[in-house]
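Step one of this worksheet: look at the structure below.
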Amino acid sequence: RPSVFNHPLPSLQEIKALVTSSEHEVHIAKEALKATERGIEEAYERNRIAKGTHDGLVVKLANLKAQFREQIMEDGLKESNRWNEMYYKLLQW
């Protein structure tokens with residue numbers, strides 16, 4: 001029986017083959033989607049770890065800079081000069 005567009009309708013066997021083929025394509029697409037979702041989850045986890053490492057290193061750097069400044073000040077105050085003597089007198093005052 002011809003269709004509205006004068007094309008023959010596919011047979012039941014052809015439709016069944018198309019359904020089977022489409023089901024297979026859907027299965028493949030679903031597996032690809034699952035793999036992509038796993039990849040996204042793994043990427044988020046790697047990102048979380050990298051951010052934690054970065055944040056920890058930023059804190060460590062800030063602490064080291066603070067230590068460095070304190071050490072420079074201590075070393076500077078050990079030197080004998082007029083400004084240091086005035087500083088110590090001010091502290092005692």
Side-chain angles (χ1 to χ4, degrees):
R1 23 171 236 217
S3 73
V4 181
F5 301 106
N6 268 345
H7 294 287
L9 292 174
S11 70
L12 192 57
Q13 189 174 359
E14 289 171 327
I15 293 172
K16 187 175 178 185
L18 289 172
V19 166
T20 300
S21 174
S22 291
E23 286 173 341
H24 182 66
E25 289 173 348
V26 167
H27 175 74
I28 290 171
K30 186 176 184 178
E31 291 302 313
L33 181 60
K34 284 182 186 176
T36 302
E37 288 171 346
R38 280 192 302 272
I40 290 169
E41 288 171 9
E42 291 167 2
Y44 273 124
E45 179 62 15
R46 286 192 303 272
N47 184 67
R48 187 189 64 75
I49 291 168
K51 183 169 178 12
T53 300
H54 171 266
D55 292 351
L57 290 172
V58 166
V59 169
K60 180 180 178 181
L61 177 60
N63 289 337
L64 287 171
K65 284 181 175 181
Q67 272 183 313
F68 184 66
R69 281 191 299 274
E70 286 176 21
Q71 191 61 48
I72 287 174
M73 286 172 39
E74 278 184 36
D75 290 351
L77 289 173
K78 288 178 187 172
E79 295 176 11
S80 179
N81 64 48
R82 187 170 163 262
W83 296 108
N84 288 347
E85 290 169 15
M86 289 171 54
Y87 173 75
Y88 285 118
K89 285 178 184 174
L90 183 63
L91 286 180
Q92 291 170 0
W93 186 68

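Crowding of Leu33 atom CG: a count of heavy atoms from other residues, nucleotides or ligands under 6.0 Å exceeding 12.
Within the structure, every pair that satisfies the side-chain hydrogen bond (donor to acceptor under 3.5 Å, both in side chains) test and touches residues 51-75, not counting sequence neighbours, is listed here: Lys51-Asp55, Gln71-Asp75.
In this structure Glu42 satisfies the salt bridge (charged side-chain N to carboxylate O under 4.0 Å, His left out) test with no other residue, sequence neighbours excluded. Annotation: side-chain hydrogen bond (donor to acceptor under 3.5 Å, both in side chains) contacts of Glu45 (sequence neighbours excluded): Arg48. For Lys30, there are no side-chain hydrogen bond (donor to acceptor under 3.5 Å, both in side chains) partners at least two apart in sequence or on another chain. Take Glu23 and apply the salt bridge (charged side-chain N to carboxylate O under 4.0 Å, His left out) test, not counting sequence neighbours, and it matches no residue.
Taking a cutoff of 4.0 Å between a charged side-chain nitrogen and a carboxylate oxygen, Glu31 and Lys34 qualify as a salt bridge.
Side-chain contacts under 4.5 Å among hydrophobic residues (ILVMFWY), followed directly or transitively, place Ile40 together with Tyr44.
Judged purely by atom type and a 3.5 angstrom limit, Thr20 uses its side chain to pair as donor or acceptor with the backbone of Lys16.
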